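Just so it is clear, the structure is predicted and the values come from calculations on it, not from any experiment.
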Amino acid sequence: MLHHPSLTVTLQFSASTVIVGAAALALFWALLQFLIVARIPVESVGTSEETSLVSGAGNESTTERLIEIYTAIYEGAESFLRAEYSVCTLFVVVFSAIIFVLVAWGTGWNFTRGFFTALSFVLGALTSMASGYLGMKVAVYSNVRTTISAQKPGWTACFNTAFRAGAVMGFALCGLGILMLYITMLAFRVHYNAAEDWVYLTECLTGYGLGGSSIAMFGRVGGGIYTKAADVGADLVGKVVHGIPEDDPRNPATIADNVGDNVGDVAGMGSDLFGSFAEATCAALVIGNSIGVSGGWDAMVFPLAVSAVGVVVCILCSFIATHIVPVKSEADVESALKLQLISTTVLMIPAVILAADAFLPSSFDIPATVGAGVVTLTPLDASLCVIMGAVGGLTIGLITEYYTSHSYKPVRELAHSCKTGAATNMIYGIALGYKSVIIPVIVLAGVVYGSFSLCDMYGVSLAAIGFLSNLATGLTIDVYGPVCDNAGGIAEMAELEPYVRDKTDALDAAGNTTAAIGKGFAIGSAALVSLALFGAFVTRIRVASGNTIFLNGVNMLEPLTFAFLIIGGMIPFAFAAMTMKSVGLAAMEMVMEVQRQFDEKPHLLDANPTERPDYDACIAISTKASLREMVPPGAMVILTPLLTGIFFGVNAVSGLLVGSLIASVQLAISMSNSGGAWDNAKKYIEKASPDSELKGKGSDIHKAAVVGDTVGDPFKDTSGPALNIVMKLMAVLSLVFADAFYACNNGGGVLNL
């Protein structure tokens, strides 16, 4: 019945309608949220008509100060992203030429496939840049409005402003990603019209994932170095040496610190998760392209349909936070954000089952990844794989929360370890990170085993899609954190009443925890995406070699494969070392600049200085350092699999990818959670009163916590999150160049060892 011509046309129409319709709905919803935020005027307000909120000043002068700070943050973020994206554009031009030549050569000088792959790479890179830039613009536009909303009585207004700002980024990125990918597929389909040729269509599409991930690498590393150089520099000289509060307007690095939140935590993270979405979809399409022959176009694009359904689910669940159960007190903030993740995951379960039933045939076959047989699947099998991914992602997220929120025992233990100094804080924090790896890895292993048993490697790619099925909500919550952080910084710099800062700090503390949950999602999805891409790589090599290579899977006991397995395991550590040292170098430059300004103008430290620090000098240091330091780690990740495949062959690449995947997952989880725990342990101590056991702000215990937080900054915001991209980028790059690797001595490489 599925093959009846008239029914097939209807199904094709409905699949395209769902995908394009959901993408258009996401973009419309993002615009609507933006317009609601834009209605808030940039004017300082009082709690009542009689009371001004500004110490010793009228609302008018404070409004001018708010606009001045907002403009400085906006201009700093804009100038950095322009500089970063000009470097990225040069890379895209050069690397697209390399892709065109190597893919065309690897496919027997098939220039069409070379051109289409290079074109999809350019489109993926441009979409990734657009996503990051859009996120930065919206975050900067919204942070000052969140500060103003925090001046109003109650919690609903300020929470909703920050939440809606995150929603603009979340839904715009999802809508743009789905729409661009699907339009690219439809354009390629004009050339590859027959279902038997869709295998080439999906192979050309892998460039889209590579483009997204390449920009994400530079965005995450460049933005991460920028934000943490400013943050560490501001903390060391300001809080530790001179004892002035975080985001104090007297600190020359404070504007650079707030700029960094936007270029690293928003633009970089947006590009990262866009890359995950693009690669997960590409991997599922490459592995499952044969479904198109028996089930038609609808069945093949099922992975995109899942993402489309996810957008609708996320829109429906967003009403819970803003309308159904609005935030009315500080205690509601964290539960409101957590409820978003839980509700979207629960609602995805029936939605995915319905989508699978609508778009997949009653049974369909895919070639087995190992062996010459085929695997027969049903819609229920496919939907169970997606559900396993979604539930696995939520589980990892909640475990991450347990280890990074100060509501639970691990972070409170960490806070108490500061009573004996910074050294014990460091020991406890590193141990906490290592311990937090155990359950997420077991969950990941269970998801991999379950999904592979049900649907072979296609199941693993669907589980990765499941992890990202509520991506719009995940991004909303991720962007919410930096917006609240910036709002608090603006409140401090504009010298608003302390309770405004207290309110934004409470919003930010919840954002910190949910950001850690988001990082858990991102790392888990990256692991599954990498494994799915590795499966797609093995499939491509089997097709290219006519089943002479990898017919019975990858033999890890091959000497070359095992040797590169060990080398692959080293790559994440080398990458982490390079990025950590880069933050250290840039932070040292920042510390010297801040101290120079304090030495030359000691009156800057007065309670009410008459002169402003030179904020631009610190912004320039962060910009130059990040652009200089982001190239070597990025080059290492891109060139390692490329040179390995060309010189040592496909067995070596297999070992490299597996080793990199295994080491990256463990290191990324431990670094992200150690950093998040140190940050929240410091916040827990800051909430304590001076006569309590932890002594509160300004005490020696607090200073020990600040040292931990400072060390944790590059852990959780530079090296840890960027390791997601290491494993994904190496895998997708190997997939794109698989035919070229096989063309070198039939997969033996130039050296043919």
Side-chain angles (χ1 to χ4, degrees), residues 72-99 118-141 168-169 172-173 176-177 180 207-230 256 258-278 475 479 482 579 582 586 616 619-635 637-638 717-718 721-722 725 728-729 732-733:
I73 294 171
Y74 173 78
E75 288 173 353
E78 175 92 9
S79 65
F80 170 72
L81 281 186
R82 283 190 177 176
E84 183 183 57
Y85 286 166
S86 60
V87 174
C88 290
T89 303
L90 181 64
F91 164 78
V92 168
V93 170
V94 173
F95 207 69
S96 58
I98 294 170
I99 290 171
L119 178 63
S120 62
F121 168 76
V122 171
L123 290 172
L126 290 176
T127 311
S128 186
M129 283 195 262
S131 302
Y133 186 72
L134 175 76
M136 180 278 293
K137 293 279 259 194
V138 171
V140 174
Y141 187 80
V168 178
M169 170 71 163
L173 187 145
L176 198 61
M180 286 295 291
Y208 189 83
L210 177 58
S213 229
S214 300
I215 299 304
M217 168 59 74
F218 292 118
R220 259 301 192 196
V221 175
I225 292 169
Y226 185 108
T227 180
K228 292 305 113 181
N258 283 282
V259 169
D261 290 336
N262 295 291
V263 299
D265 296 346
V266 177
M269 178 266 305
S271 294
D272 178 6
L273 287 172
F274 166 75
S276 282
F277 157 76
L475 271 165
V479 175
T579 48
S582 294
D616 291 342
I619 291 173
I621 285 172
S622 263
T623 302
K624 285 174 190 168
S626 55
L627 294 177
R628 180 184 71 237
E629 298 291 336
M630 75 180 183
V631 175
V637 173
I638 290 166
D717 290 322
T718 308
I725 306 168
K728 292 184 300 184
L729 184 53
V732 74
L733 191 135

Are the side chain of Lys228 and the backbone N or O of Gly264 linked by a donor-acceptor pair below 3.5 Å? no
May I ask you to test the Arg220-Met630 pair for a side-chain heavy-atom distance under 4.5 Å? no
Atom CD1 in Ile225, atom OG1 in Thr579: separation rounded to 0.5 Å? 7.0 Å
Can you say whether the rings of Phe277 and Phe274 are parallel (under 30°), tilted (30 to 60°) or perpendicular (over 60°)? tilted
First locate atom CG of Leu273, then atom CD1 of Ile725, and finally report the distance between them rounded to the nearest 0.5 Å. 9.0 Å
Between Leu729 and Leu210, is any pair of side-chain heavy atoms under 4.5 Å apart? yes
If you look at every heavy atom in Phe121 and Ser214, which pair is closest and at what distance? CE1-OG, 3.8 Å
For a 4.5 angstrom cut-off between non-hydrogen side-chain atoms, does Val266 reach Asp261? no
Hey, what's the ring geometry for Tyr226 with Phe80, parallel, tilted or perpendicular (30° and 60° as the breaks)? tilted
What is the distance from atom CD1 of Ile619 to atom CG of Asn258, rounded to the nearest 0.5 Å? 10.0 Å
Is any side-chain heavy atom of Glu78 closer than 4.5 Å to a side-chain heavy atom of Tyr74? yes
Between Ile215 and Ser271, which heavy-atom pair has the shortest distance, and what is it? CG2-OG, 4.4 Å
Check whether Ser86 reaches the backbone of Ala83 with its side chain - one donor and one acceptor, N or O, closer than 3.5 Å. yes
Ser626 (side chain) donor-acceptor with Thr623 (main chain) under 3.5 angstrom: yes
Looking only at heavy atoms, which two atoms of Ala139 and Asn262 are closest? And how far apart? CB-OD1, 3.3 Å
If you count every heavy atom of other residues, nucleotides or ligands that lies below 6.0 Å from Arg628 atom CZ, does the total exceed 12? yes
Rounded to the nearest 0.5 Å, how far apart are CG of Leu126 and OH of Tyr208? 9.5 Å
Side chains of Phe91 and Ile638: closer than 4.5 Å at any heavy-atom pair? yes
Any side-chain heavy-atom pair from Met269 and Leu475 closer than 4.5 angstrom? yes
Could you tell me whether a side-chain N or O of Ser128 sits under 3.5 Å from a main-chain N or O of Gly124, the two making a donor and an acceptor? no
Expected output: side-chain Ser79 to main-chain Gly76 donor-acceptor under 3.5 Å: yes
Gly270 and Met169 have their tightest heavy-atom pair at CA-CE, 3.3 Å
Shortest non-hydrogen contact between Leu173 and Ser131, atoms and distance: CD1-CB, 3.5 Å
Between Gly132 and Leu81 the two heavy atoms that sit nearest each other are O-CD1, 4.4 Å
